[in-house]
Amino acid sequence: MGDKVFNDKKRFIWILSLLLLAAFAVTSGISYQVAHDSLSKQIKDNNLPLTSDNIYSEIQQDLLQPIFISSLMAQDTFVRDWAINQEQTPEDLIRYLKEIQEKYHTVTSFFVSESTRNYYHSSGVLKQIEDINPDDAWYFRVRSLPKSEHYEVNIDSDSADPNRTVIYVNYKVFDFNGKFIGVTGVGLAVESVKRLIDLYQQRYNRNVYFTDRQGNITLHSQQYQGQLNLQDIPGLEKLATRILTSPSSSFSYQKLGQTIYLNSRLVPEFKWYLVVEQDDARSEKKLLTTFWINIGLSLLVTLGLLIIANLTLGKYQRKLELMASTDKLTGAANRQAFEQNFTQSLAQSVVEDSPISVLLMDIDHFKKINDAHGHNVGDLVIQTLSRLLAGQLGPNDLLCRWGGEEFLILLPDCNVSQAAELAEKLRSSVAQRELSVNGGQIKVTISTGVAEYRRSEKSEELINRVDIALYQAKEQGRDRVVISY
């Protein structure tokens, strides 16, 4: 009786300790989650949009000036009169372009005549535009813009200096009767614009870049090392369409285990999207520090009770391990789970008069993989195979890691021919798969035994038959399926 009371007391202290620890953990977890959600909402709804608005305002000053200059040039009476009067004095237009370039500090200024196709530059007449020259495709693209669109912005090499990349503003020019007579405009050096983006990033501690309506990242900082299309950025590819179809948007996505908050807005003058990103790494670190401090305090409070309960911890640990039905490496079921499921499936099979089949498969030459690449790679191969097999099974099928590199699959309501067909499908899928490890490719094959349960047969006998079939598959050259009839 005394022993029983003593054991009940220890059990009570253990349960109380767990309850206290759980209460502290739940309270700390809820506090952390509430603080995290509040921080996320603050960044997403207030801080990031405000920063985006500030950067957009600066863009109005820094980057939209070339569009304004090009518009003035396209409306300039001198330019239009000069073109209408058959371009009689090229030096006058060249001087005009040079003055535009010097006054507004652009890297280039130009005019292309529709009549003569001459390309006038601040340094002279560079060439004649030709419709067969791929480098001149921009002109014909601008010329064919809809009437509602008067200009385009594009990035191209400088016609006067092929080694320099320029952001061009190409503006259509019409005479006084609305007839198209050419294209004029100015250009900014891409490097100078990238320096502006660097300045924005340093000032606001945010990641800033531009993308066109196809998702191509057109302008970014000099330090940018990511993908050049939204569709190729991990975590962002699913949001790309929504970003590119909305004038403004706010999202968050996961990148390398970190939450990235994104705000985008269309800059209509450029027909590009301004994208501003912010991560929550610093704030997240503070929240996690607070969370772990709370957990530490709860551990101290329950430490005394846990020391007493430690006497029975081993017993409970062994029970939990016995009850565990999942293989730790692969997440597949273990042998104990198989026995339980086989018993249930057998009972159902008797009632419904339905067949049961099993597959036993083994990775061919697995020892060579371990010897050549190490056990870590071997474990990765086993995990990959487990995921591949599980992905092709039905909802009632059971995948078990039988031991080492062996897997057993329980197939309720499946006869031997159906099981053999599935085994061949799995064998083919594995054979076609290559695993990338440390820059190399590992090709894996499997050998498989197939057997159907016979009435009044013990599970051990069924496993023995399918094991013999597996042995025969290996003896016959591996990478094959053998049926036990």
Side-chain angles (χ1 to χ4, degrees), residues 59 63-76 79-80 82-83 87 90 93-94 96-98 100-101 104-175 178-194 209-220 228-229 244 266-273:
I59 289 173
L63 297 182
L64 299 187
Q65 187 184 29
I67 297 177
F68 175 71
I69 298 169
S70 299
S71 174
L72 291 180
M73 294 170 64
Q75 301 296 324
D76 196 307
V79 175
R80 294 191 288 178
W82 181 87
E87 310 168 31
L93 182 64
I94 293 170
Y96 168 83
L97 295 173
K98 185 175 182 181
I100 289 289
Q101 186 171 322
Y104 295 107
H105 307 290
T106 63
V107 297
T108 185
S109 59
F110 65 92
F111 174 79
V112 177
S113 168
E114 171 69 6
S115 175
T116 64
R117 298 289 171 84
N118 285 335
Y119 188 114
Y120 296 95
H121 185 264
S122 57
S123 60
V125 180
L126 295 185
K127 62 177 183 177
Q128 276 194 316
I129 297 293
E130 299 178 341
D131 55 6
I132 60 173
N133 188 343
D135 293 337
D136 297 336
W138 66 270
Y139 176 80
F140 301 97
R141 185 177 64 247
V142 174
R143 187 180 67 169
S144 61
L145 286 174
K147 290 184 178 180
S148 59
E149 297 183 23
H150 299 290
Y151 69 93
E152 74 159 14
V153 179
N154 76 307
I155 300 177
D156 205 347
S157 59
D158 191 346
S159 298
D161 183 1
N163 296 320
R164 180 169 59 187
T165 304
V166 175
I167 300 175
Y168 282 101
V169 180
N170 306 312
Y171 218 108
K172 293 191 291 187
V173 183
F174 298 91
D175 65 13
K179 178 184 177 182
F180 176 76
I181 57 175
V183 176
T184 190
V186 296
L188 292 177
V190 165
E191 295 305 317
S192 65
V193 177
K194 287 184 176 181
Y209 56 87
F210 290 89
T211 175
D212 63 19
R213 293 190 172 183
Q214 287 71 48
N216 300 308
I217 296 178
T218 52
L219 285 176
H220 52 75
L228 295 180
N229 191 288
L244 299 174
L266 178 65
V267 183
E269 294 85 354
F270 277 103
K271 302 179 182 65
W272 292 345
Y273 286 87

After noting the C-alpha distance and the side-chain angles of Ile167 and Leu219, does the key distance pass the side chain to side chain contact (heavy atoms under 4.5 Å, CB included) rule?
CA-CA 10 Å; Ile167 300 175; Leu219 285 176; 3.5 Å; yes

Let's go through Arg117 and Asp136 carefully: what are the C-alpha distance in whole Å and the side-chain angles of both, what is the deciding distance for salt bridge (charged side-chain N to carboxylate O under 4.0 Å, His left out) to 0.1 Å, and is it a yes or a no?
CA-CA 10 Å; Arg117 298 289 171 84; Asp136 297 336; over 6 Å; no

Check [X] against [Y] and note the closest heavy-atom contact, atom names and distance.
X: Gln128; Y: Thr116; value: NE2-O, 2.9 Å
X: Val125; Y: Ile94; value: N-CD1, 4.1 Å
X: Gly187; Y: Val166; value: CA-CG1, 3.5 Å
X: Ile217; Y: His220; value: CG2-CD2, 3.9 Å
X: Gly182; Y: Tyr139; value: CA-OH, 4.1 Å
X: Asp212; Y: Leu244; value: O-CD2, 3.5 Å

Can you check whether [Y]'s main-chain N or O pairs, donor with acceptor, with [X]'s side chain at less than 3.5 Å?
X: Lys172; Y: Ala74; answer: no
X: Thr106; Y: Leu188; answer: no
X: Ser144; Y: Phe140; answer: yes
X: Tyr104; Y: Pro66; answer: no

Residue pair Ser113 / Glu87, side-chain donor-acceptor N/O under 3.5 Å:
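Note: Ser113 and Glu87 side chains meet the donor-acceptor criterion.
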
Answer with yes or no whether the side chains of Tyr120 and Asn118 bring together a donor and an acceptor at under 3.5 Å.
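Yes, Tyr120 and Asn118 have a side-chain donor paired with an acceptor closer than 3.5 Å.
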
Measuring from [X]:[atom1] to [Y]:[atom2], what's the distance to the nearest 0.5 Å?
X: Trp138; Y: Asn170; atom1: CH2; atom2: CG; value: 5.0 Å
X: Leu93; Y: Ile100; atom1: CG; atom2: CD1; value: 10.0 Å
X: Asn229; Y: Thr218; atom1: CG; atom2: OG1; value: 11.0 Å

Which is it for Tyr96 and Trp82 under the side chain to side chain contact (heavy atoms under 4.5 Å, CB included) test, yes or no, and what are the steps along the way?
CA-CA 11 Å; Tyr96 168 83; Trp82 181 87; over 6 Å; no

How far apart are the C-alpha atoms of Tyr168 and Val183, what are their side-chain angles, what is the distance that settles it, and do they pass the side chain to side chain contact (heavy atoms under 4.5 Å, CB included) test?
CA-CA 12 Å; Tyr168 282 101; Val183 176; over 6 Å; no

Within the 4.5 Å heavy-atom criterion, are Arg80 and Phe174 side-chain neighbours or not?
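No, their side chains stay 4.5 Å or more apart.
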
Are Val186 and Gln101 packed together at the side-chain level, in the sense that at least one heavy-atom pair is separated by less than 4.5 angstrom?
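Not in contact.
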
Can you label the angle between the His150 ring and the Tyr171 ring as parallel, tilted or perpendicular, going by 30° and 60°?
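Parallel, since the angle between the ring planes stays under 30°.
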
Over 60° means perpendicular and under 30° means parallel, so tell me whether Tyr119 and Phe110 are parallel, tilted or perpendicular.
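Geometry flag for Phe110 against Tyr119: parallel rings.
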
Met73/Leu97 under side chain to side chain contact (heavy atoms under 4.5 Å, CB included): CA gap, chis, key distance, verdict
CA-CA 9 Å; Met73 294 170 64; Leu97 295 173; 3.7 Å; yes

Side chain to side chain donor-acceptor pair (under 3.5 Å) involving Arg143 - partner list, sequence neighbours excluded
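Arg143 satisfies side chain to side chain donor-acceptor pair (under 3.5 Å) with Glu114 only.
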
Can you tell me if CZ on Phe68 sees more than 12 non-hydrogen neighbours from other groups inside 6.0 Å?
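Not more than 12 within 6.0 Å, no.
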
